[in-house]
Visitor: 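First the structure, then my questions, so here it is.
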Amino acid sequence: MKQTLWALLALLAAVNVSALEVNEGKWRITLDGQTRRLTIANGGNILMSGAYAQAVLEGTAVNSYDAVEMTTAESEVSDCFGQGKKYAVTYLMGDGTRLLQSLSFYPALPYFIVQLEATRDGGEVRSNRLSPLLSTATAAFLPDSKQNRMLFVPWDNDGFISYASNYLRKEMYSYTVTAIFNSDSRYGLITGAVDHDFWKSAVHVNASDYYKVNELALISGYTDEHTHDSIRSENRIMPHGAMAGDTVRSSRFMFGCFDDWRVGLETFGQACTRVVPRREWSGGVPYGWSSWGVQSTDISYQGVIDCGSFIRENLMPHGFHDAQGKVVLSLDAWWNDNLSVEQVKKFVAYCKDNNMIPGLYYGSFCRFGGLDDGVPGTNGKYIFGDIALKVNGRYKVVDGAYCLDPTHPGTKIFIMTEMQKFRQWGVEYLKCDFMSNGAIEADSWYNKNCRSGIQAYNEGMKFLVGKAGDDIYIDLSISPAFPYQYAHGRRISCDAWGSIGQTKYVMNNTSYGWWLNQVYFACDPDHMVMKGRPEGIGIQSDGANRARLTSGAVTGAYLTGDNFSDNVNAGYPEKSREAALKFLTNQDVNEIPRTCHAFRPLYGDAKPDDGAEKLVTYENDSYVYLAVFSYQILSVTSGEVKYADLGITPGNVGEIKELWTGSTVTTTADGFRYNVPYCDARIYRITKKSAAGIKDVTGERDANPAAGGVRVYDLQGRRLDGRFGDGRLPKGIYIQGGRKVAVQ
């Protein structure tokens with residue numbers, strides 16, 4: 001009896017030794033030695049309880065709480081997130097499998113990084129799903145309120161899919177990242193994957209009663225119909241590719257609490273760029289014209305030149321141009337059907353003679369044609385059937401196009417051939433479409449070391465941009481949001497023209513995806529059409545035109561799609577010219593894309609059925625902007641906004657001007673009223689009486705704006721210190737008080 005008692009006491013002592021308690025800033029994380037589960041709290045608020053890790057190995061789920069032995073370790077960490085401390089828990093399973101769950105904390109950052117690794121004694125491990133944190137225990141860290149939301153983030157922008165600010169009363173899988181927040185207080189939890197080299201990641205949330213989070217899981221290895229991995233003929237989903245080796249690792253996930261969920265999502269974007277920097281551009285945010293808006297399949301050389309001449313003579317003098325005084329002329333689909341090579345060369349020469357950027361449409365991973373045709377550039381060595389991907393033995397088709405293998409030498413020769421041609425012609429802008437076709441899960445890839453769709457996509461994109469070079473602006477159209485580092489810009493939504501419904505769709509994506517401006521140089525709201533084709537949007541009202549142009553101005557790039565040429569029988573050229581002279585010569589509005597990033601939602605409290613926020617805002621050193629949209633067909637949108645909600649003190653409020661009407665706004669002591677007719681928009685610009693002062697910079701990169709430190713903008717008005725989650729400044733030379741300051 002005594003021996004049994006002593007053995008039990010020894011076992012309990014061993015369990016207690018293995019337990020872990022983390023106290024880092026506001027974070028308190030405890031590991032129960034008996035249940036082998038974590039409790040995660042921030043500022044006394046429990047975010048997850050009963051949390052564990054899970055690895056799916058050869059189809060079998062291995063859970064950390066089933067470990068026969070558990071050990072913990074603490075160590076210093078120094079990586080792309082900075083200097084900090086890592087807490088690691090190793091769970092030994094009965095078959096020799098080891099799960100290593102690591103949590104890394106950095107004093108300068110408002111989040112921690114969590115990751116899961118799996119190994120097995122004496123053998124290879126294979127996994128197509130790893131979850132470093134998941135819990136099925138209910139947590140209620142938000143108030144009992146219908147103002148709580150959980151954000152659905154789409155995988156890509158195909159099929160007119162939308163973001164969703166859902167009530168906490170359903171189940172969802174949000175791709176890569178989500179925000180769970182209260183729109184009144186703005187407090188929220190942000191978590192998402194910051195690695196995008198192998199896994200398609202997602203966050204699973206199951207919520208109820210508007211405030212209870214009943215399940216929360218961070219997942220590396222998630223596929224469904226939205227990732228284009230469904231097999232319709234068999235009514236099943238193609239599983240994610242498996243990572244294999246001595247050690248398999250999940251993506252690293254950011255897990256953070258924020259007083260403002262909007263800052264949290266922007267910080268998530270910045271966390272991603274700590275891992276892989278975004279692709280920068282030496283020019284300005286694109287302004288210009290796209291043929292697909294109205295000319296579409298009727299594009300012609302003369303029609304393009306007519307549009308370019310109209311823009312040059314009538315719009316560019318009124319501020320419709322980028323920071324370098326240029327505009328893009330982008331020839332979309334059908335350019336290679338309707339224009340000869342000589343005409344394309346003449347088009348490029350015209351652009352360069354007139355301070356314009358010549359652009360073309362291109363698809364690297366899709367085939368809209370037969371599979372028996374030879375692949376250009378391969379001299380008959382490959383046909384498209386050789387380089388097309390198969391799923392369960394059948395060629396995979398997405399959006400009517402075959403999916404091409406990004407790792408295949410035939411695909412790469414095809415890309416290289418096209419890039420050499422474009423560079424020789426002098427093309428400086430490429431709209432790359434149907435890129436998601438290159439990211440599907442497949443039976444296999446030419447590169448046998450490639451095991452997942454995202455791994456293949458990374459290989460293909462790296463090759464593409466290597467051949468394109470640094471002097472061609474890459475703008476992704478239909479594409480995954482992540483990885484991001486290969487392109488300068490990405491279309492924030494699927495196709496959109498100019499109706500109020502399409503404006504609302506664009507604004508759905510901007511309302512909840514504006515933070516992608518942290519990982520892309522510019523978000524693209526697609527071509528803005530005022531007077532379309534009779535079989536399309538037709539002639540829209542002035543209000544609808546203002547709303548659509550406003551959606552462009554508050555998103556990023558600023559390309560119109562109207563047909564201004566009488567030589568192309570498409571749309572209403574005369575009415576398009578009239579509308580352009582009326583709206584695209586507004587210098588106050590034209591200034592916005594040059595000096596602002598994408599606007600963020602003011603509240604984030606739109607009902608899920610509304611689909612988009614009515615109020616979006618942006619602040620730079622001189623102004624605070626508020627754009628207000630009225631999506632209703634027959635009712636006016638009106639209300640009052642408080643200066644406190646806009647982040648400006650009443651004493652710093654100067655003139656408030658509505659930019660479309662030119663009228664000034666009557667203010668109250670703590671805010672002002674807005675009134676927007678139905679199917680219309682207004683942009684209110686608040687002039688600051690005094691801009692934020694620049695305090696001394698001592699050469700350190702740790703000046704924190706949130707603590708009253710530095711705000712720095714580049715010549716285009718882009719906020720520089722916002723590139724880092726801790727407010728650090730990028731390296732460089734800054735002018736302060738007439739002297740140079742080097743930041744190392």
Visitor: Answer yes if the side chains of Arg533 and Ser296 hold a donor-acceptor pair under 3.5 Å, and no otherwise.
Guide: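 Per modelled atom types, Arg533 and Ser296 side chains form no pair under 3.5 Å.
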
Visitor: Checking Asp475 now: which residues fulfil side-chain contact (heavy atoms from CB on, under 4.5 Å) with it, not counting sequence neighbours?
Guide: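 Partners of Asp475 under the side-chain contact (heavy atoms from CB on, under 4.5 Å) test: Tyr429, Tyr473, Asp524.
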
Visitor: Between Asp610 and Lys614 (salt bridge meaning N to carboxylate O under 4.0 Å), is one present in this structure?
Guide: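 Looking at Asp610 and Lys614, the cut-off is not met.
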
Visitor: Only counting residues at least two apart or in another chain, list the ones meeting side-chain contact (heavy atoms from CB on, under 4.5 Å) with Arg279.
Guide: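 Only Val465, Asp470, His488 meet the side-chain contact (heavy atoms from CB on, under 4.5 Å) criterion with Arg279.
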
Visitor: Using a distance-only test with no angle check, is there a side-chain donor-acceptor pair under 3.5 angstrom linking Glu266 and Gln518?
Guide: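 No pair is found: no donor N or O on one side chain lies under 3.5 Å from an acceptor on the other.
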
Visitor: Does the plane of the ring in Trp261 sit parallel, tilted or perpendicular to the ring in Trp514? Use 30° and 60° as the thresholds.
Guide: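 Perpendicular, since the angle between the ring planes exceeds 60°.
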
Visitor: Who pairs with Phe268 by ring pair (Phe, Tyr, Trp, His ring centres under 6.0 Å), at least two apart in sequence or on another chain?
Guide: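 By the ring pair (Phe, Tyr, Trp, His ring centres under 6.0 Å) rule, Phe268 matches Trp515.
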
Visitor: Go through the structure and list residues passing salt bridge (charged side-chain N to carboxylate O under 4.0 Å, His left out) with Arg149, not counting sequence neighbours.
Guide: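 Testing Arg149 for salt bridge (charged side-chain N to carboxylate O under 4.0 Å, His left out), a comparison that skips the adjacent residues, returns none.
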
Visitor: Would you say NZ of Lys146 has more than 12 non-hydrogen atoms from neighbouring residues, nucleotides or ligands within 6.0 angstrom?
Guide: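 Count not over threshold, so no.
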
Visitor: Taking the side chain as C-beta and beyond, is there a heavy-atom pair between Gln502 and Ser551 under 4.5 Å?
Guide: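 In short, these two side chains do not touch, never coming nearer than 4.5 Å.
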
Visitor: Can you tell me if Asn567 has over 12 outside heavy atoms packed within less than 6.0 Å of its CG?
Guide: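 Yes, because the 6.0 Å sphere around CG of Asn567 holds more than 12 heavy atoms from other groups.
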
Visitor: Suppose we screen for side chain to side chain donor-acceptor pair (under 3.5 Å). Which residues come up paired with Thr503, at least two apart in sequence or across chains?
Guide: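 Thr503: no side chain to side chain donor-acceptor pair (under 3.5 Å) contacts found.
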
Visitor: In residues 309-318, what donor-acceptor pairs under 3.5 Å come from side-chain atoms, sequence neighbours left out?
Guide:
from	atom 1	to	atom 2	distance (Å)
Ser309	OG	Ile305	O	3.0
Ser309	OG	Tyr350	OH	3.0
Arg312	NH1	Asn354	OD1	2.9
Asn314	ND2	Phe310	O	3.0

Visitor: Taking only residues two or more places apart in sequence or in another chain, which ones pass side chain to side chain donor-acceptor pair (under 3.5 Å) with Ser174?
Guide: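 Scan of Ser174 (side chain to side chain donor-acceptor pair (under 3.5 Å), adjacent residues dropped) gives none.
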
Visitor: Report yes if the side chains of Ile299 and Val568 come closer than 4.5 Å at any heavy-atom pair, otherwise no.
Guide: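 No, too far: nothing below the 4.5 Å cut-off.
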
Visitor: According to the interplanar angle, ranging from 0 to 90°, do the rings of Phe672 and Tyr684 count as parallel (below 30°), tilted (30 to 60°) or perpendicular (above 60°)?
Guide: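 Rings of Phe672 and Tyr684: tilted, 30 to 60°.
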
Visitor: Does a side chain donor of either Gln147 or Asn182 reach within less than 3.5 Å of an acceptor in the other side chain?
Guide: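 Side chains of Gln147 and Asn182: no pair found under 3.5 Å.
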
Visitor: Got a sec, which residues hit side chain to side chain donor-acceptor pair (under 3.5 Å) with Tyr187, two or more places apart in sequence or on another chain?
Guide: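 Only Asn45 meet the side chain to side chain donor-acceptor pair (under 3.5 Å) criterion with Tyr187.
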
Visitor: Is it true that Tyr618 and Tyr625 have ring centroids separated by less than 6.0 Å?
Guide: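 Distance test on ring centres: not under 6.0 Å, no.
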
Visitor: Closest heavy-atom contact between Ser493 and Asn157?
Guide: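 Closest heavy-atom pair between Ser493 and Asn157: O-ND2, 3.3 Å.
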
Visitor: Not counting sequence neighbours, which residues clear ring pair (Phe, Tyr, Trp, His ring centres under 6.0 Å) with Tyr674? List them please.
Guide: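 Ring pair (Phe, Tyr, Trp, His ring centres under 6.0 Å) list for Tyr674, sorted by chain: empty.
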
Visitor: Of all residues at least two apart in sequence or in a different chain, which pass the side chain to side chain donor-acceptor pair (under 3.5 Å) check with Thr560?
Guide: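 Listed in chain order: nothing, the list is empty.
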
Visitor: Should the pair Lys531-Glu574 be classified as a salt bridge under the 4.0 Å nitrogen-to-oxygen rule?
Guide: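 No salt bridge links Lys531 with Glu574.
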
Visitor: Could you list the residues that satisfy side-chain contact (heavy atoms from CB on, under 4.5 Å) with Asp566, not counting sequence neighbours?
Guide: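 Counting only residues at least two positions away or on another chain, Asp566 forms a side-chain contact (heavy atoms from CB on, under 4.5 Å) with Pro573, Arg577.
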
Visitor: Does a side chain donor of either Asp144 or Tyr210 reach within less than 3.5 Å of an acceptor in the other side chain?
Guide: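 Note: Asp144 and Tyr210 side chains miss the donor-acceptor criterion.
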
Visitor: Using the ring pair (Phe, Tyr, Trp, His ring centres under 6.0 Å) criterion, which residues pair with Phe629? Sequence neighbours excluded.
Guide: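 Tyr631.
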
